[in-house]
Engineer: 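Just passing along the structure, written as structure tokens.
Just so you know, these numbers use all the heavy atoms, side chains as well, and skip hydrogens, waters and symmetry mates.
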Amino acid sequence: MTSSRKQMHLGAFFFGVGHHLAAWRHPDVDPGAASRIESLQQWIRIAEEAKFDAIFFADNVGLPGPPDEVVTKNALWYPLDPLITLAALSQATTHIGLVATVSSTYLPPYHLARKYASLDQVSHGRSGWNLVTSGSDFEARSFGLDQQLAHAHRYARAHEYVKIVKGLWDSWQDDAFIHDKAANRFFDPAKLHRVAHEGEHYKLHGALQTPRAPQGYPVLVQAGSSGDGQDLAAATAEVVFTAQQSAEEARAFYSGLKGRLAAHGRTPDQLKILPGISPFVGRSQQEAQEKFEQLQGLIDPVLGIGLLSTFLGNVDLTRYDVDGPFPQDLPVTEGWKSRQELFAGMARRDGLTIRQLYEKVAGARGHWTLVGTAESIADQLEHWFTTGGADGFNVLAPTLPHGLTDFAQLVIPELQRRGLFRTEYQGRTLREHLGLVRPAHPVHPAA
């Protein structure tokens with residue numbers, strides 16, 4: 001089946017053993033599965049068989065806590081290094097894209113450029129880099145800092161960081177390696193371009209050992225929705241993950257961010273916007289509701305409060321009444337600005353207590369939760385997609401693999417029936433799946 005209709009893009013988000021805060025406690029979930037490559041191979045094959053554009057591997061670089069009570073009750077969301085894991089998963093798949101989160105704050109640009117260029121080589125052009133700047137103090141402490149860098153400072157560094165990384169990815173023109181045995185020339189020296197960068201935050205002189213990536217650059221992904229995050233995305237990103245709760249909010253974000261592209265010489269089709277969704281899918285509305293309520297009933301209040309404390313900027317909520325009004329005096333911090341605004345706005349708009357707020361966000365952490373049948377969920381996704389709210393969606397399965405299987409086996413066939421999603425891959429690289437042009441080498445535009 002083929003369709004002339006515009007089709008949505010879908011990502012499968014791998015986050016521990018499921019995106020819901022209580023996923024690991026579900027009776028059908030294996031709590032240790034996210035630490036085993038065999039389980040991850042099973043999950044990615046489910047996603048590839050369903051023709052997802054990509055899987056998305058989240059990450060942070062530190063263990064939360066103390067207090068250890070919170071750590072003890074929480075799952076290990078990021079047990080494996082994402083790039084090593086995706087390199088392994090690339091050998092178990094042939095088409096699906098492989099996107100991983102790596103922080104620009106704590107890894108030197110040369111290391112990142114080489115790792116992603118290598119992943120793109122071993123996956124034959126299926127890699128993507130989700131750039132984050134890290135927003136937690138516990139990550140900062142992992143690298144010898146007392147607290148995270150200021151939000152604006154992190155993003156200023158990130159702009160310069162991306163420039164360096166792109167320069168390193170362009171160290172070699174596509175046809176630089178001639179392997180001329182008779183002339184004893186491994187590469188053409190005229191097609192090597194060393195980076196000489198001395199900026200406000202970084203200084204680097206050198207070139208990458210790795211040949212230019214099959215995709216030119218791995219796909220550049222960004223998840224920040226703050227003002228600083230949108231500025232960075234408009235300048236550099238090709239895919240943006242975002243969190244909205246209504247079609248109106250989604251359309252406003254979509255048009256606003258796409259409207260920033262022209263200032264950077266870019267067109268709207270050069271950036272794909274994928275809001276996150278957490279779907280609870282049933283063959284009836286009652287079955288879907290029961291799946292939702294079962295997980296909601298497993299939320300530990302200590303973890304619920306801890307989740308809010310982190311996303312609200314590492315603030316201490318334990319001094320407030322969990323069933324009292326949402327506090328109005330929370331400090332503005334240097335953490336995740338967009339989540340702080342989203343969560344506080346939800347609480348104040350709907351008159352939520354702290355408990356009601358963590359119950360509302362525990363499943364999707366600020367993303368859109370859908371509870372229904374395949375048809376009703378497809379209706380809602382189609383509405384956002386066709387009315388200018390999204391280019392597709394990042395699917396945050398509440399549990400793995402069951403939540404992913406439910407979406408793959410129930411919702412995707414319904415989207416395919418409507419001509420809204422592919423039935424077969426038309427290309428082999430992630431750029432081809434997303435309809436993104438391969439960047440030419442700046443010194444050799446015909447490459």
Engineer: Only one of I299, L298, L295 clears side-chain contact (heavy atoms from CB on, under 4.5 Å) with R25; which?
Structural biologist: L298

Engineer: Angle between ring planes, F407 versus F52, binned at 30° and 60°: parallel, tilted or perpendicular?
Structural biologist: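 Tilted, since the angle between the ring planes falls between 30° and 60°.
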
Engineer: Would you check if there is a donor-acceptor pair between the side chains of D170 and Y217 at a distance under 3.5 Å?
Structural biologist: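 The answer is yes; a qualifying pair exists.
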
Engineer: Could you check L415 against F385 for side-chain contact (heavy atoms from CB on, under 4.5 Å), going step by step and ending with a plain yes or no?
Structural biologist: CA-CA 12 Å; L415 294 173; F385 178 64; over 6 Å; no

Engineer: Going by the side chain to side chain donor-acceptor pair (under 3.5 Å) test, which pairs reach into residues 95-106, not counting sequence neighbours?
Structural biologist: H95-R428, T101-N130, S103-S134

Engineer: State the NZ-CG distance between K115 and L86, to the nearest 0.5 angstrom.
Structural biologist: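 Rounded to the nearest 0.5 Å, the NZ-CG separation comes to 12.5 Å.
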
Engineer: Mind checking what makes side-chain contact (heavy atoms from CB on, under 4.5 Å) contact with H264, not counting sequence neighbours?
Structural biologist: A234, A235, R266

Engineer: Taking all heavy atoms of A34 and all of L80, pick out the closest pair and write down the distance.
Structural biologist: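 That would be O-CD1, 3.7 Å.
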
Engineer: Using only heavy-atom distances, determine whether the side chains of N60 and E139 contain a donor-acceptor pair under 3.5 Å.
Structural biologist: no

Engineer: How many angstroms lie between atom CZ of R422 and atom CE of M8, to the nearest 0.5 angstrom?
Structural biologist: 11.5 Å

Engineer: Hey, which of Q286, E287, E293 is the one that makes side-chain contact (heavy atoms from CB on, under 4.5 Å) with Q289?
Structural biologist: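 Going through Q286, E287, E293 one by one, the side-chain contact (heavy atoms from CB on, under 4.5 Å) with Q289 is satisfied by E293 alone.
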
Engineer: Testing V99, L40, L98 for side-chain contact (heavy atoms from CB on, under 4.5 Å) with F57, which one passes?
Structural biologist: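 For F57, the side-chain contact (heavy atoms from CB on, under 4.5 Å) check succeeds only for L40.
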
Engineer: Taking side chain to side chain donor-acceptor pair (under 3.5 Å) as the cut-off, I'd like each qualifying pair that reaches into residues 36-48, sequence neighbours left out, listed once.
Structural biologist: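 For residues 36-48: D30-R36.
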
Engineer: Side chain of S123, backbone of S90: donor and acceptor closer than 3.5 Å?
Structural biologist: no

Engineer: Using only heavy-atom distances, determine whether the side chains of R251 and T387 contain a donor-acceptor pair under 3.5 Å.
Structural biologist: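 Side-chain D/A pair, R251 to T387: present.
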
Engineer: Show the numbers, then the answer: is there a salt bridge (Lys or Arg N to Asp or Glu O under 4.0 Å) between R438 and D174?
Structural biologist: CA-CA 12 Å; R438 183 184 188 272; D174 290 291; 2.5 Å; yes

Engineer: Parallel under 30°, tilted from 30 to 60°, perpendicular over 60°: which one fits the rings of F393 and W384?
Structural biologist: tilted

Engineer: Please check if the side chain of D137 supplies one atom and the backbone of Q148 the other of a donor-acceptor pair under 3.5 Å.
Structural biologist: yes

Engineer: Quick one: CD on Q222 to OG1 on T242, what's the gap to the nearest 0.5 Å?
Structural biologist: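 Rounded to the nearest 0.5 Å, the CD-OG1 separation comes out at 10.0 Å.
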
Engineer: With sequence neighbours excluded, tell me which residues meet salt bridge (charged side-chain N to carboxylate O under 4.0 Å, His left out) with D228.
Structural biologist: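 Here no residue qualifies.
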
Engineer: According to the side chain to side chain donor-acceptor pair (under 3.5 Å) rule, which pairs have a member within residues 398-408, sequence neighbours left out?
Structural biologist: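 Applying side chain to side chain donor-acceptor pair (under 3.5 Å) to every pair that reaches into residues 398-408, excluding sequence neighbours, yields K291-D406.
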
Engineer: Decide if atom NZ of K163 counts as having more than 12 heavy atoms of other residues, nucleotides or ligands within a radius under 6.0 Å.
Structural biologist: no

Engineer: Can you list the steps and then say if L434 with E238 is a side-chain contact (heavy atoms from CB on, under 4.5 Å)?
Structural biologist: CA-CA 9 Å; L434 293 168; E238 296 170 296; over 6 Å; no

Engineer: Nearest 0.5 Å, what's the OG-CD distance between S376 and E414?
Structural biologist: 10.0 Å

Engineer: Rounded to the nearest 0.5 Å, how far does CD1 of I277 lie from CD of Q380?
Structural biologist: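 So the gap between those two atoms works out to 9.5 Å.
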
Engineer: Starting at CZ of R260, measure out to CG of L257 and round the result to the nearest 0.5 Å.
Structural biologist: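 It is 7.0 Å, given to the nearest 0.5 Å.
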
Engineer: Mind listing the closest non-hydrogen atom pair of Y358 and I305 along with its distance?
Structural biologist: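 Heavy atoms only, the tightest pair is CD2-N, 3.9 Å.
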
Engineer: Please set out all donor-acceptor pairs under 3.5 angstrom arising from side-chain atoms of residues 11-19, sequence neighbours excluded.
Structural biologist:
none

Engineer: Please confirm whether the ring centroid of Y155 lies under 6.0 Å from the ring centroid of H151.
Structural biologist: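 Yes, the ring centres sit under 6.0 Å apart.
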
Engineer: Going through the checks in order, is the side-chain contact (heavy atoms from CB on, under 4.5 Å) test met by L107 and Y161?
Structural biologist: CA-CA 10 Å; L107 187 71; Y161 190 103; 4.0 Å; yes

Engineer: Could you please spell out the steps behind the side-chain contact (heavy atoms from CB on, under 4.5 Å) verdict for V437 and R431?
Structural biologist: CA-CA 7 Å; V437 174; R431 288 188 173 276; over 6 Å; no

Engineer: Please assess R418 against D379 for the test salt bridge (Lys or Arg N to Asp or Glu O under 4.0 Å), listing each intermediate value before the final yes or no.
Structural biologist: CA-CA 10 Å; R418 301 179 189 200; D379 286 343; 2.8 Å; yes

